[in-house]
Amino acid sequence: AKPSPKEVENVLSDFYLQLIAADVAVETADAIVNSLRHSLLEMDVPRFGDREAVLKEVLKKSIESLIKVADVNHVLKRVDEARKQGRPAVILFVGPNGSGKTTTVVKLAHYLRKRGYSVILASADTFRAGAIEQLETLGQRAGFMVVSQSYGADPAAVAVDALNKASSMRVNVVLIDTAGRTEVDRGLLEEMRKLKRVVKPDFVIYTGDALAGNAAVQQAKMFDEVVGIDYVILSKVDADAKGGSAISISHSTGKPLLFLGVGQELDDLEDKPAEKLLEALGF
Amino acid sequence: GRSLKEVFRKFLASPSADKASVEELIRGIQRSLLMADVKVELVQKISERIRARAFEEKLPPGVSRKDSVAKIVYEELINLLGGKPAKFSTGGKKPYVIMLLGIQGTGKTTTAAKLANYLKVEGYKVGVVCADTYRPAAYQQLKHLLEPRQIPVYGEPENNNPVEIARKGLEHFKQMGVDVVIIDTAGRHRQQESLMDEMKMLEKELKPDENILIIDGTIGQQAGAHAAAFHKATPIGSIIITKLDTSGRGGGALAAVAETGAPVKFVGVGESVEDFQPFNPSSYIASLLG
Ligand SMILES: Nc1nc2c(ncn2[C@@H]2O[C@H](COP(=O)(O)OP(=O)(O)OP(=O)(O)O)[C@@H](O)[C@H]2O)c(=O)[nH]1
Ligand SMILES: Nc1nc2c(ncn2[C@@H]2O[C@H](COP(=O)(O)OP(=O)(O)OP(=O)(O)O)[C@@H](O)[C@H]2O)c(=O)[nH]1
Ligand SMILES: [Mg+2]
Ligand SMILES: [Mg+2]
């Protein structure tokens, strides 16, 4: 039998609140619920017994399809291709203030080195207090060369400096750390677009905070619209984040999740984000 | 969906406030509050309060049901901010010791500099202690922000005992005769047991006059749970919401206020040391309602 509209609405409104409580953005939760309504109304449910449980099970399965995950091998393949072409692969890191970019840059360098690649880091945050010293210290501790200039220098100049050093030293990968910036400041987003044009990175990675709520959508959307992003990394998942922002960001930008940051140490980079996220979402 | 302004306008333009139009208004308010990251339970609680008061209250003379409902919405939201006074005061204690606490990356260090600068402008002599022994270059970050403003910073980059650093910093500034000491600490969250223990140790040894919880204005539904954990470990005296210059509207702070009973005293509205303002409840509520 087909469920009644009332049964479907009951199940959908509970599901809606579960999504919101898991930090899925309101506009994303709206869209998900609206897209599922039709298929739920068309479902075959048993005549007797817990009919709503059958509908709930369908909703639970739909969560998995909402998380868009990237294959890290695609990134590694690109690095191999760059190596064959005799040039370093370049990855540009962008994102809002305090989302974990600098820490993630060093984690990714460590991840790549474990897989046999040489990496140098570019300290292109020439704005924030202590930013250069922070990356230099992290880099030194982990054994990575950090290319930096002075505060106030043009981020593009630092990036190009790093690219040149990487080319001459035959280093495989250059990771470029940039200053945090708010999506509301168009000028700062344009600065990123200009940096991307100059540096021509193989990938742009957006690092977002897993604890962010509805702002996560607007932040990721604006970075994607103005700069253009290829992958998303969500950090601080270990801070009990439910991870709903991963769904919101996937849904609004279509860009896939590459890693999750699950702590402050070098190894705290999760390369199987889907499983960890489903566990965090707890659906 | 329509903006809450349009929903309110439609409500106020309707001939009378019947149950259906009030329900429609409540739905609009719910959506706005959820989009501003107000916790689901609080949104439900506020809806019940509006619903209950909208039709059960006796109308003052000359006031329409509609105007009464609009006033009720505003009052219920203001109530969520708690009745405590939100103005900074040292109550005459010298030095008045403030400790900043919060999750990683929420803006503690930047806020330490902002609050120090704000208080200096208000006429207080301020000293800042870097008791963050985890974040690389935390001390440099504070010095970079405060040296240009001639606000002294105490730190021991080689020492990894935050309690010892803070105690010596406090003594150092006591000798200098400062009015206020602000202690910046490492970012931490409730799943990091040893860091939560460190925080309890800092509280026990330093006995700050005010523990300020720094809340990221972009935080979502987890704000209440985190605030409760901080408050359970060390009593929170007040809250500062940061990054309100972004798309975040700081709705998470309402849950933090509910869990800690602490008032919001200041907000951060940008990366510069000057981007700091006393908390304004009316404009905060207005932005929550979108
Ligand atoms: N618990 C936890 N903390 C993290 C994670 N990633 C980063 N952090 C912490 O978050 C704080 C901010 O990290 P940063 O790497 O400085 O962030 P950022 O995006 O570079 O910040 P800005 O450059 O100022 O915009 C630091 O205390 C990091 O140790 C994570 O996955 N889990
Ligand atoms: N847009 C904006 N950015 C802010 C604000 N307050 C702080 N920031 C930025 O947020 C980022 C993190 O600030 P920090 O002061 O390093 O944060 P923290 O809490 O001390 O970080 P940890 O010590 O690593 O836990 C930096 O890029 C700051 O410039 C604010 O009000 N608005
Ligand atoms: Mg950084
Ligand atoms: Mg700090």
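Given the structure is predicted, the values throughout are model-derived calculations rather than measurements. In what follows, chains are A, B, ... by sequence order, proteins preceding strands, each numbered from 1.
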What part of [X] is in contact with chain B, defined as an atom under 4.5 angstrom from a non-hydrogen atom: side chain, backbone, both or neither?
X	answer
A:E183	side chain
A:D185	neither
A:A25	neither
A:E136	neither

(request) Go through the atoms of B:E271 and report whether side chain, backbone, both or neither lie under 4.5 Å from a heavy atom of chain A. (result)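 B:E271 touches chain A through side-chain heavy atoms alone.
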
(message) Is B:R135 close to chain A through its backbone or its side chain, or both, or neither, when contacts mean heavy atoms under 4.5 Å?
(response)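 For B:R135, the contact with chain A is made by the side chain alone.
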
(message) Nearest 0.5 Å, please: how far is OG1 in B:T106 from CG in A:N97?
(response)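 That separation rounds to 12.0 Å.
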
(message) Once rounded to the nearest 0.5 Å, what's the spacing between atom OG1 of B:T110 and atom CZ of A:R128?
(response)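 Rounded to the nearest 0.5 Å, the OG1-CZ separation comes out at 7.0 Å.
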
(request) For side-chain contact (heavy atoms from CB on, under 4.5 Å), just list the numbers for A:D30 and B:R31, CA-CA rounded to whole Å, side-chain angles, deciding distance to a tenth of an Å, and then say yes or no. (result) CA-CA 10 Å; A:D30 282 343; B:R31 188 157 199 281; 2.4 Å; yes

State, to 0.1 Å, how close [X] and [Y] come at their nearest heavy-atom pair, and which atoms those are.
X	Y	result
B:K243	A:G98	NZ-CA, 4.3 Å
B:G248	A:A215	N-CB, 3.8 Å
B:Q192	A:D238	NE2-OD2, 4.3 Å
A:A21	B:Q221	O-CB, 3.7 Å
A:E133	B:A137	CB-CB, 3.5 Å

(message) Just by distance, no angles: are the side chains of A:Q219 and B:S247 close enough, under 3.5 Å, to form a donor-acceptor pair?
(response)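 Not at all, the side chains of A:Q219 and B:S247 share no donor-acceptor pair under 3.5 Å.
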
(request) Classify the side-chain pair A:D240/B:Q222 by whether it contains a donor and acceptor separated by less than 3.5 Å. (result)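 No.
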
Would you list the atom pairs, donor with acceptor, under 3.5 Å between side chains in residues 35-44 of chain B and any protein atom, with sequence neighbours excluded?
unit_1, atom_1, unit_2, atom_2, d
B:D37, OD1, A:N214, N, 2.8
B:D37, OD1, A:N214, ND2, 2.9

(request) Determine which residues belonging to residues 141-156 of chain B lie within contact range of chain A, meaning some heavy atom pair is under 4.5 Å apart, and list them by number or answer 'none'. (result)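 Those residues of residues 141-156 of chain B which have a heavy atom under 4.5 Å from chain A are B:Q141, B:H144, B:L145.
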
(message) Looking only at heavy atoms and a cut-off of under 4.5 Å, which of B:T246, B:I103, B:D245, B:T109 has the most pairs with chain A?
(response)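 Result: the option with the highest number of such pairs is B:T246.
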
(request) Would you check if B:D216 and A:L211 make a side-chain contact, meaning some heavy-atom pair closer than 4.5 Å? (result)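 Not touching, per the 4.5 Å side-chain cut-off.
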
(message) Just so I understand: if I count every heavy-atom pair under 4.5 Å between each of A:A212, A:A29, A:G244, A:A22 and chain B, which residue has the most?
(response)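 Counting heavy-atom pairs under 4.5 Å, the top option is A:A212.
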
